[in-house]
Amino acid sequence: MISFESDYNNGAHPKVLEALIKTNDEQTLSYGFDRFSVAAKEKIKAVCEAPDAQIWFLAGGTQTNATVIDSILHTYEGVVCVSTGHIATHEAGAVEFTEHKIITIPEREGKMSAEELDKFMDEFLHDGNADHCVYPGMVYITFPTELGTLYSAAELDSIYKICKKYKLPLYVDGARLGYGIMSPGNDITLPFLAKHCDAFYIGGTKVGALCGEAVVFTHGNAHQHFFSITKQHGALMAKGRLIGVQFNALFTDNLYFDISKHAIAMAMRLKDIFRRKGYPFFIDSPTNQQFVILENTEVDRLSKDFLFTHWGKYDNDHTVCRFVTSWATRPEDIDAFEAKCLA
């Protein structure tokens, strides 16, 4: 059975695994103060062209989102995101478990617009009952979005300007950041991103690591007690080296970007197969997540040999399905799907 279900269904990239094995016998400092974590942080700061950035390593995306958001907000504040945002749909209420409301606004193709954010904030601040409501304390977006779409540099710039207008920190969830950065037509670089948000994270779990995410507070603006906040959330790893070693490997010799580029190439091959077969697309995604509308009989036929996500019901006879490639997707996996799909 070949899996297109997710981009975290394999272990680690061989070079990452090799780095873990090679350094296994070395004794290091704990809690992320080891030499590998220090080296990885310097490499990330360099590639982001953000020498003043503060970087923290956490184990997983949901844990990272809940911890970072909780560290930024006051007790009476909530986080603004679009209705399809990951924290609002697929994190089991993790952010709200920290007692911060998720305030949703309309989306278009999975994206937030600066105009919609500006409209929401203007209406909120002119509402006579605003003081009785959860106050918008920050803004959350994902890159790529939950639907695999991308913000342009101009769109991100516009959103960040609105955030600064209302003094709202902007946090970018980069669980699949590598796949967004390496997508054809993307015009956002890591240095640009670092200059147009207040915090973001570089996803490792979905991009070649066994586990781990690198949180980047872009202006040295992490909460002064972020270490303690992380520990309070159960997110502080005693063996911090586990993630440090992996990110040190991922950001050596362009590995993070090369393996992301491979995943995109595999996704574009899938996309071409879908077009040739005549499957309608649920949304036009330029990244490693591809959403197509399949007849239920076709879902059953393909499911005999391939794993993929049944994203949701389209109508009584059709299902929206998600196919995901990753750093580990092999050309022969795509060949096998092509043979089955076009049969």
Side-chain angles (χ1 to χ4, degrees), residues 45 48-56 64-88 94-96 98-108 111-143 145 151-174 177 188 190-202 215-230 232-233:
K45 286 194 282 187
C48 292
E49 298 178 9
D52 297 326
Q54 293 169 287
I55 298 167
W56 297 82
T64 297
N65 286 334
T67 303
V68 171
I69 289 170
D70 192 33
S71 78
I72 292 174
L73 294 177
H74 292 291
T75 55
Y76 53 86
E77 291 179 325
V79 53
V80 181
C81 79
V82 294
S83 57
T84 55
H86 190 66
I87 58 172
V95 170
E96 292 177 322
T98 67
E99 300 184 354
H100 295 293
K101 182 178 177 62
I102 297 172
I103 305 165
T104 58
I105 62 176
E107 53 82 34
R108 182 176 180 183
K111 296 193 289 185
M112 178 183 293
S113 73
E115 293 77 15
E116 196 68 49
L117 178 61
D118 192 22
K119 176 175 177 287
F120 166 77
M121 287 303 301
D122 182 67
E123 291 177 354
F124 178 86
L125 293 175
H126 287 89
D127 185 341
N129 291 310
D131 288 338
H132 297 273
C133 300
V134 174
Y135 199 92
M138 65 182 293
V139 174
Y140 164 99
I141 63 173
T142 62
F143 185 86
T145 71
Y151 292 92
S152 67
E155 289 171 330
L156 180 60
D157 180 66
S158 295
I159 290 171
Y160 196 39
K161 284 177 179 176
I162 297 300
C163 287
K164 288 191 287 187
K165 174 181 176 180
Y166 294 104
K167 299 180 180 179
L168 296 171
L170 175 61
Y171 169 54
V172 180
D173 179 334
L177 185 59
I188 290 177
L190 279 180
F192 185 89
L193 178 61
K195 290 180 175 64
H196 290 80
C197 69
D198 298 283
F200 69 97
Y201 82 83
I202 301 170
V215 180
V216 182
F217 289 96
T218 57
H219 315 302
N221 52 315
H223 192 290
Q224 69 178 95
H225 299 299
F226 191 75
F227 182 96
S228 300
I229 293 170
T230 302
Q232 188 179 60
H233 280 265

ask   = Any side-chain heavy atom of M112 within less than 4.5 Å of one from Y140?
value = no

message = Tell me whether E115 is salt-bridged to K119, with the criterion being a basic N under 4.0 Å from an acidic carboxylate O.
response = no

ask   = So Y135 and Y76, would you call those rings parallel, tilted or perpendicular, with 30° and 60° as cut-offs?
value = perpendicular

Pairwise side-chain contact, I69 with T98, heavy-atom cut-off 4.5 Å (strictly under) = no

ask   = Which atom pair, heavy atoms only, marks the closest approach of Q54 to N221?
value = OE1-N, 3.0 Å

query = Looking at A66 and A94, what are the two nearest heavy atoms and their distance?
reply = CB-O, 4.1 Å

key: Residues which pass salt bridge (Lys or Arg N to Asp or Glu O under 4.0 Å) with D157, listed by chain and number, not counting sequence neighbours   = K161

ask   = Taking all non-hydrogen atoms of both residues, which atom of S83 and which atom of A88 are closest, and how far apart?
value = O-CB, 4.2 Å

ask   = So does K45 have more than 12 non-hydrogen atoms from other groups sitting under 6.0 Å from NZ?
value = yes

key: Residues in side-chain hydrogen bond (donor to acceptor under 3.5 Å, both in side chains) contact with K195, at least two apart in sequence or another chain   = none

ask   = Between F143 and F200, does a ring-ring contact (aromatic ring centres under 6.0 Å, His included) hold up when you go through it step by step?
value = CA-CA 10 Å; F143 185 86; F200 69 97; 10.0 Å; no

Residues in side-chain hydrogen bond (donor to acceptor under 3.5 Å, both in side chains) contact with D70, at least two apart in sequence or another chain = H100, H233

ask   = Taking atom types as modelled and ignoring hydrogens, do the side chains of Y171 and N65 form a donor-acceptor contact shorter than 3.5 angstrom?
value = yes

key: Minimum heavy-atom distance I141-L170, with the two atoms named   = CG1-CD1, 4.2 Å

message = Testing the basics here: between P136 and F120, what is the closest heavy-atom pair and its distance to 0.1 Å?
response = CG-CE2, 3.8 Å

query = When you look at Y166 and D122, which way does the side-chain hydrogen bond (donor to acceptor under 3.5 Å, both in side chains) test go after all the steps?
reply = CA-CA 9 Å; Y166 294 104; D122 182 67; 4.6 Å; no

request  = Locate the shortest heavy-atom distance separating C197 from H219; write the atom from each residue and the value.
outcome  = O-NE2, 3.3 Å

